[in-house]
Amino acid sequence: MTKIDAREIRGLLQRDLTKLLHTLFPRYSITSPVFAPLNPTRMDKTPGSFVIWTAGAAAGGFNEYSPKGPPASGDVVDLIAYVHGRPGDRAFAFAWARNFLGIKAMSQEQLKAIKSTARAHVTQVTQAQSEALAERRKKALALWQRSLPIAGSVAETYLASRRIPYVLIKNREEDLRYIPRLEHWKSTKWDKTVTPWRKITAGPELPVMIAAMRNLAGDITAVHCTFLRSDGMGKADVSEAKLIRGDAKGSAIRLTKGESGLSLEEARAEYESHGVVHAFMPFEGIENALTYAMEVPEPRVWACGSFDLMLALRVEDEPCFDPVIFGTDNDGTAQAEEKITDRIDEVRASGRDCSRARPPAGVKDFNDLIRGD
């Protein structure tokens with residue numbers, strides 16, 4: 001009996017995206033490459049914060065940018081669940097999609113034909129995704145190649161303003177650098193009614209502390225940018241002072257080598273030859289991670305850019321990381337607490353010690369602790 005699997009259903013939904021969007025949003029004209037209707041799940045009065053991609057490998061994917069939230073994003077299947085008020089319920093979404101595509105009423109011959117069509121579309125999308133991923137990484141690497149040493153720069157001044165004397169941190173890596181002027185791309189205004197988009201107003205050009213984000217193989221897949229005031233005495237006054245360009249999932253910013261002074265590659269070789277392991281601490285933010293490393297130089301310390309990216313780092317794939325200690329803030333929600341608890345259990349199941357470190361109650365993070373905030 002011919003069956004249509006989840007990837008094929010997703011491909012068929014992308015193929016029939018215009019029809020799908022007319023079904024989900026019957027009062028709108030569909031635009032390309034993005035479509036921004038009012039969010040149907042809340043009292044949304046102004047379009048723009050709820051965005052659906054209608055072209056490219058991510059067609060059908062969506063993002064809710066409004067601070068009124070809660071934040072939401074996903075692929076075309078997640079979109080169906082979200083619009084129907086059942087966020088995250090992919091079982092419901094796939095059942096709805098099968099009805100929308102008419103799969104249940106199809107004969108075996110029709111199922112075979114549509115399956116062939118779906119496979120061809122999935123192949124095209126997979127290739128397009130690979131090309132898009134390579135292009136994002138290429139742009140990230142191009143930014144990194146523009147960077148300069150952090151010593152004596154506005155970025156070093158910024159860290160000092162956060163009570164982090166960067167030059168005194170032991171066994172530093174070299175993946176934290178500086179760009180004198182970079183456009184704050186989130187402030188750029190675009191005319192999205194044309195393809196390709198036309199730039200209306202450029203974002204401000206600002207000094208940036210830039211960090212390489214490497215995967216466990218050592219490849220730079222993304223860069224983390226902290227936009228700064230011109231005097232370095234704080235982050236720039238923009239909507240989002242910290243931005244990531246590239247493909248950050250599974251990558252992190254290598255900040256210190258720990259007390260061993262070994263690079264990851266050297267530590268890996270030492271483990272393979274002698275079974276030696278070293279403590280490893282992934283954090284969310286750069287400042288929080290550097291603050292901890294300054295006070296506790298023994299573990300290898302990396303920063304991941306966000307809570308979700310920290311949890312996505314495959315620490316269990318690196319046997320020389322033991323113990324693993326997640327450095328967390330104190331501003332997490334109940335859902336975040338559940339996620340970190342589950343992640344610790346997953347790492348423990350890989351056969352190594354795992355725990356978390358966080359500042360005392362009432363203090364947001366380790367950097368606030370040393371600044372007395």
Side-chain angles (χ1 to χ4, degrees), residues 137 141 144 164 166-177 211-224 246-329 336-359 365-366:
R137 292 186 175 190
L141 188 58
W144 180 248
I164 302 170
Y166 187 64
V167 295
L168 299 183
I169 294 175
K170 297 178 180 178
N171 292 327
R172 300 188 313 275
E173 295 272 12
E174 300 298 328
D175 279 352
L176 202 58
R177 290 172 65 88
M213 302 190 74
R214 299 180 187 269
N215 59 21
L216 291 177
D219 304 316
I220 295 176
T221 66
V223 288
H224 181 286
D247 174 36
K249 188 173 182 180
S251 295
I253 303 156
R254 302 183 180 190
L255 294 174
T256 75
K257 301 174 184 177
E259 64 180 346
S260 72
L262 300 176
S263 68
L264 175 60
E265 292 70 28
E266 291 168 336
R268 188 181 289 149
E270 184 185 53
Y271 173 82
E272 292 174 354
S273 61
H274 297 93
V276 178
V277 294
H278 301 280
F280 173 67
M281 292 191 70
F283 284 78
E284 298 178 45
I286 295 171
E287 299 87 346
N288 200 28
L290 287 174
T291 300
Y292 196 94
M294 184 171 60
E295 300 295 331
V296 186
E298 289 80 11
R300 184 183 305 274
V301 171
W302 293 0
C304 300
S306 75
F307 179 75
D308 287 338
L309 287 172
M310 180 180 69
L311 298 190
L313 186 65
R314 292 284 303 174
V315 295
E316 55 266 67
D317 291 345
E318 196 56 65
C320 67
F321 291 167
D322 193 3
V324 174
I325 306 166
F326 288 99
T328 63
D329 301 345
E337 287 298 308
E338 184 177 343
K339 284 183 177 180
I340 187 65
T341 300
D342 289 346
R343 188 71 183 100
I344 289 172
D345 287 343
E346 288 176 352
V347 177
R348 286 174 176 169
S350 71
R352 70 200 70 197
D353 187 20
C354 185
S355 59
R356 68 188 293 188
R358 55 180 167 179
D365 58 34
F366 291 107

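The structure displayed is predicted, hence computed values, not measured ones.
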- prompt: What heavy-atom pair brings Ala303 and Ala289 nearest, and what distance separates the two atoms?
  reply: CB-CB, 4.2 Å

message: Between Glu265 and Arg254, does any side-chain N to carboxylate O distance fall below 4.0 Å?
response: yes

message: Please evaluate residues Asp175 and Ile220 with respect to the criterion side-chain contact (heavy atoms from CB on, under 4.5 Å), reporting the C-alpha separation (whole Å), side-chain torsions for both, the decisive distance (0.1 Å), and the verdict.
response: CA-CA 10 Å; Asp175 279 352; Ile220 295 176; 5.8 Å; no

- prompt: Roughly how far apart are Leu176 CG and Tyr166 OH, rounded to 0.5 Å?
  reply: 4.5 Å

- prompt: How far does CZ of Phe280 sit from CD of Glu318, to the nearest 0.5 angstrom?
  reply: 9.0 Å

Result of checking Ser355, Cys304, Pro282 against Phe326 for side chain to side chain contact (heavy atoms under 4.5 Å, CB included): Pro282

statement: When rounded to the nearest 0.5 Å, the distance separating CD of Glu259 from CZ of Arg300 is 10.5 Å

- request: Check Lys257 against Gly261 and note the closest heavy-atom contact, atom names and distance.
  value: CD-O, 3.4 Å

- prompt: Any idea which heavy atoms bring Lys339 and Leu311 closest together, and the distance?
  reply: CB-CD1, 3.7 Å

- request: Please tell me if the side chains of Thr256 and Glu173 come closer than 4.5 Å, counting only heavy atoms from C-beta onward.
  value: no

query: Quick one: CZ on Arg177 to CH2 on Trp144, what's the gap to the nearest 0.5 Å?
result: 5.5 Å

message: Applying side-chain contact (heavy atoms from CB on, under 4.5 Å) to Leu309 and Ser251, what does each step give before you reach the verdict?
response: CA-CA 8 Å; Leu309 287 172; Ser251 295; over 6 Å; no

query: About how many Å separate NE2 of His224 and OG of Ser306, when rounded to the nearest 0.5 Å?
result: 8.5 Å

field: Within 45° cone and under 6.0 Å: Arg352 NZ/CZ vs Phe321 ring
entry: no

message: With a 6.0 Å cut-off (strictly less than), is the heavy-atom count around CD of Glu337, excluding the residue itself, greater than 12?
response: yes

message: One thing to verify: whether Arg343 and Glu316 come together as a salt bridge, which I'm taking to mean a side-chain N less than 4.0 angstrom from a carboxylate O.
response: yes

statement: Taking every heavy atom of Arg314 against every heavy atom of Leu216, the minimum-distance pair comes out as O-CD1, 3.4 Å

- prompt: Any idea which heavy atoms bring Ile344 and Cys354 closest together, and the distance?
  reply: CG2-O, 3.7 Å

field: Trace of the side-chain contact (heavy atoms from CB on, under 4.5 Å) decision for Trp302 with Leu264
entry: CA-CA 11 Å; Trp302 293 0; Leu264 175 60; 3.8 Å; yes

task: Could you tell me the separation between the CZ atom of Arg137 and the CG atom of Asp219, rounded to the nearest 0.5 Å?
output: 7.0 Å

- request: Mind listing the closest non-hydrogen atom pair of Phe366 and Pro359 along with its distance?
  value: CZ-N, 3.5 Å

- prompt: Checking side-chain contact (heavy atoms from CB on, under 4.5 Å) for the pair Phe307/Asp329: CA distance, chi angles, key distance, verdict?
  reply: CA-CA 9 Å; Phe307 179 75; Asp329 301 345; over 6 Å; no

